[in-house]
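Quick note: residue numbers are just sequence positions, from 1. Every value quoted in this text rests on a predicted model; they were computed, and no experiment measured them.
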Amino acid sequence: MKTMREYLLETRNLEIPKGDVSGDWFTKHNLPMVVICKCCEMSMILFSASVDEDGYCYCSCCTREE
């Protein structure tokens, strides 16, 4: 598993800005603000998700269970 920060840097060469991120940033980069955990279906802000090798997002609770 990778953090979303690591995943975006490796797959899109895109760095997440520090501080507050506006909705325009998500639109500009064609990214959702909210994603759903593949395991438990909990919604979370994109930046708090972990990503597996297939590109699926997971919450911190489900990541700890592995």
Side-chain angles (χ1 to χ4, degrees):
M1 291 271 184
K2 296 179 182 184
T3 65
M4 185 57 71
R5 183 177 299 278
E6 295 167 333
Y7 180 78
L8 289 175
L9 191 57
E10 287 180 18
T11 61
R12 295 177 132 201
N13 197 30
L14 182 62
E15 289 196 37
I16 297 172
K18 295 184 188 229
D20 293 335
V21 180
S22 72
D24 291 339
W25 185 88
F26 291 92
T27 303
K28 177 181 175 184
H29 297 290
N30 197 30
L31 292 169
M33 291 177 81
V34 176
V35 293
I36 307 258
C37 176
K38 175 79 172 160
C39 183
C40 72
E41 299 184 350
M42 181 181 86
S43 59
M44 71 203 108
I45 183 103
L46 177 74
F47 303 146
S48 65
S50 294
V51 184
D52 71 5
E53 60 276 354
D54 296 320
Y56 292 112
C57 295
Y58 293 87
C59 68
S60 60
C61 292
C62 292
T63 303
R64 277 186 252 137
E65 291 175 4
E66 290 185 344

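- The shortest distance between side-chain heavy atoms of Met42 and Cys62 does not fall below 4.5 Å.
- The distance from the CG atom of Leu46 to the CG atom of Leu8 is 6.0 Å, given to the nearest 0.5 Å.
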With a cut-off of 3.5 Å and sequence neighbours excluded, list every side-chain donor-acceptor pair involving residues 25-41.
| from | atom 1 | to | atom 2 | distance (Å) |
| --- | --- | --- | --- | --- |
| Trp25 | NE1 | His29 | NE2 | 3.3 |
| Thr27 | OG1 | Gly23 | O | 3.3 |

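- Linking ILVMFWY side-chain heavy atoms closer than 4.5 Å, directly or via other members, places Leu9 and Tyr7 in two distinct hydrophobic clusters.
- Here the side chains of Val51 and Tyr58 are not in contact, with every heavy-atom distance at 4.5 Å or above.
- The minimum heavy-atom distance between Ser50 and Met1, with the atom names listed, is CB-SD, 4.1 Å.
- Side chain of Asp52 to main chain of Asp54: a donor-acceptor pair is present (N/O by atom type, distance under 3.5 Å, no hydrogens or angles).
- Between the Arg5 side chain and the Glu15 main chain, no donor and acceptor come within less than 3.5 Å of each other.
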Steps toward side chain to side chain contact (heavy atoms under 4.5 Å, CB included) verdict (Val21, Phe47): CA-CA 10 Å; Val21 180; Phe47 303 146; 3.8 Å; yes
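- A donor-acceptor pair is defined here as one N or O able to donate and one able to accept, closer than 3.5 Å; no such pair exists between the side chain of Ser48 and the backbone of Met44.
- Grouping the Ile, Leu, Val, Met, Phe, Trp and Tyr side chains by contacts below 4.5 angstrom, directly or via other members, places Ile45 apart from Ile16.
- By the neighbour-count criterion of 12 heavy atoms within 6.0 Å, atom CG of Asp20 is sparsely surrounded, having that number or fewer from other residues, nucleotides or ligands.
- Here the OG1-CD distance, from Thr11 to Glu6, works out to 11.5 Å after rounding to the nearest 0.5 Å.
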